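Just below is one structure, and these are the notes that go with it.
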Amino acid sequence: MATAKVSKTSKWFLNKTLRLSLHRRRSKSSSTSTSPESLPSPPHKSSKRPHEEMKEVFRYFDGDKDGKISALELRAYFGSIGEYMSHEDAQLVINELDSDGDSMLDYQDFLKLMKVDNSDNDDLKNAFEMFEFEKGSGCITPKGLQMMLNRLGDAKSYEECVAMIRVYDIDGNGVLDFHEFHQMMA
C-alpha cells in the first residue's frame, strides 16, 4: 500500500518537476542566502555523477543546512521559483515519504521523492504521455506543452512553449522525444 502513496505523491511532484526543470535552465541566480526570496537555483547540467548532482539539489531544498527538508523548506523552495505549494501538500509529501517519523525528509527520503531509481520509469513515461498532443506520437510539441501547462494553471503562449522546448531539444527538430524529456527531468 505504501507504493500507492508514493505514486500519488510522485504524480503531484512530477507536475511540479517540469516547472522546476524549466526554471533550472532559465535561472541565473547565484545568491548564497537561504531565504525563500534568494534561494539559489539548482545547478545546471554538468559532468558530475548523478549522485553528486542529487546531493547538490538536496542542499538547495535544505535551506537551514541541517540535513533534513521540512515542510516549510519544501514550500519555501517552490515559492522561490514562483510555484505555490500549500502547507497541506508539503506535509502530505513529507508524511508519505518520511522513513524515520521525524516529519522531515532526509537525503534517502528525498531520493524517493525525486525517483532516482532508473529502473522505474513508469511515472516519467506517464508524465511524458500527458504532454503529447497526438497520443502515441512519441514527442512533445509546443502545442502539447501549451495545452498541458494551461491545464496545470500556467498559461503560456505558443512562442513561449517553442522557446521552452528549444532549451532541451538536443537534436534541434523542434519537439521533445522521451530521451530529451528524460534528460530534462534528470
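On a predicted model such as this, the values are computed, not experimentally measured, just so you know. One is the number of the first residue; the rest follow in order along the sequence. FYI, side chains are in, hydrogens and waters are out, and symmetry mates aren't considered; it's all heavy atoms of this structure.
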*Say whether, by atom type as modelled, one donor and one acceptor occur between the side chain of Glu180 and the main chain of Ile170 under 3.5 angstrom.*
yes
*Parallel, tilted or perpendicular: which fits the ring planes of Phe131 and Phe181, with parallel below 30° and perpendicular above 60°?*
tilted
*Approximate separation, where rounding is to 0.5 Å, of Leu72 CG and Ile94 CD1*: 9.5 Å
*asked:* So, taking the atom named CZ in Arg166 and the one named CG in Asp169, what distance separates them when rounded to the nearest 0.5 Å?
replied: 9.0 Å
*Intermediate values then yes/no, ring pair (Phe, Tyr, Trp, His ring centres under 6.0 Å), Tyr77 and Tyr60*: CA-CA 8 Å; Tyr77 182 81; Tyr60 284 105; 7.5 Å; no
*Shortest non-hydrogen contact from Glu129 toward Lys135*: O-NZ, 3.1 Å
*Same cluster or not: are Leu124 and Ile165 linked, directly or through other Ile, Leu, Val, Met, Phe, Trp or Tyr residues, by side-chain heavy atoms under 4.5 angstrom apart?*
yes
*Between CD of Glu132 and CG of Leu176, what distance do you get to the nearest 0.5 Å?*
11.0 Å
*Is there a donor-acceptor pair under 3.5 Å between the side chain of Lys143 and the backbone N or O of Phe133?*
no
*ILVMFWY cluster, Tyr107 and Leu97 together (side-chain gap under 4.5 Å)*: yes
*Say whether Val162 and Leu149 are linked into one hydrophobic cluster, either directly or through other cluster members, by side-chain heavy-atom distances under 4.5 angstrom.*
no
*Apply side-chain hydrogen bond (donor to acceptor under 3.5 Å, both in side chains) to Asp102 and list each qualifying residue two or more places apart in sequence or on a separate chain.*
Lys68
*Shared hydrophobic cluster for Met148 and Leu145 (ILVMFWY, side-chain gaps under 4.5 Å)*: yes
*For Asp109, which residues count as a side-chain hydrogen bond (donor to acceptor under 3.5 Å, both in side chains) partner, sequence neighbours excluded?*
Ser99
_Closest approach of Cys161 to Pro142 (non-hydrogen atoms, all atoms of both residues)_ = CB-O, 3.5 Å
_Point-to-point distance, once rounded to the nearest 0.5 Å, from CG of Leu74 to CD of Gln91_ = 9.5 Å
_Count I, L, V, M, F, W, Y as connected when their side-chain heavy atoms are under 4.5 Å apart, and connections chain through other members. Are Tyr158 and Leu152 then in the same cluster?_
no
_Which residue in the set Asp98, Ile69, Asp66 passes side chain to side chain contact (heavy atoms under 4.5 Å, CB included) when paired with Met104?_
Asp66
*asked:* Restricting to side-chain hydrogen bond (donor to acceptor under 3.5 Å, both in side chains), what partner residues turn up for Glu160, sequence neighbours left out?
replied: Ser157
_If I take atom CD from residue Glu56 and atom CD from residue Glu52, how far apart are they, to the nearest 0.5 angstrom?_
9.0 Å
*Verify side-chain contact (heavy atoms from CB on, under 4.5 Å) between Asn150 and Gln146, making sure each step is shown before the conclusion.*
CA-CA 6 Å; Asn150 283 336; Gln146 182 183 29; 3.9 Å; yes
*Indicate the atoms forming the closest heavy-atom contact of Arg75 with Met85, along with that distance.*
NE-O, 2.8 Å
*Looking only at heavy atoms, which two atoms of Ala90 and Ala71 are closest? And how far apart?*
CB-O, 3.7 Å
*Could you walk me through whether Phe61 and Glu73 pass side-chain contact (heavy atoms from CB on, under 4.5 Å), step by step?*
CA-CA 6 Å; Phe61 277 83; Glu73 288 170 320; 6.0 Å; no
*To the nearest 0.5 Å, what is the distance between NZ (Lys125) and NE2 (His182)?*
9.5 Å
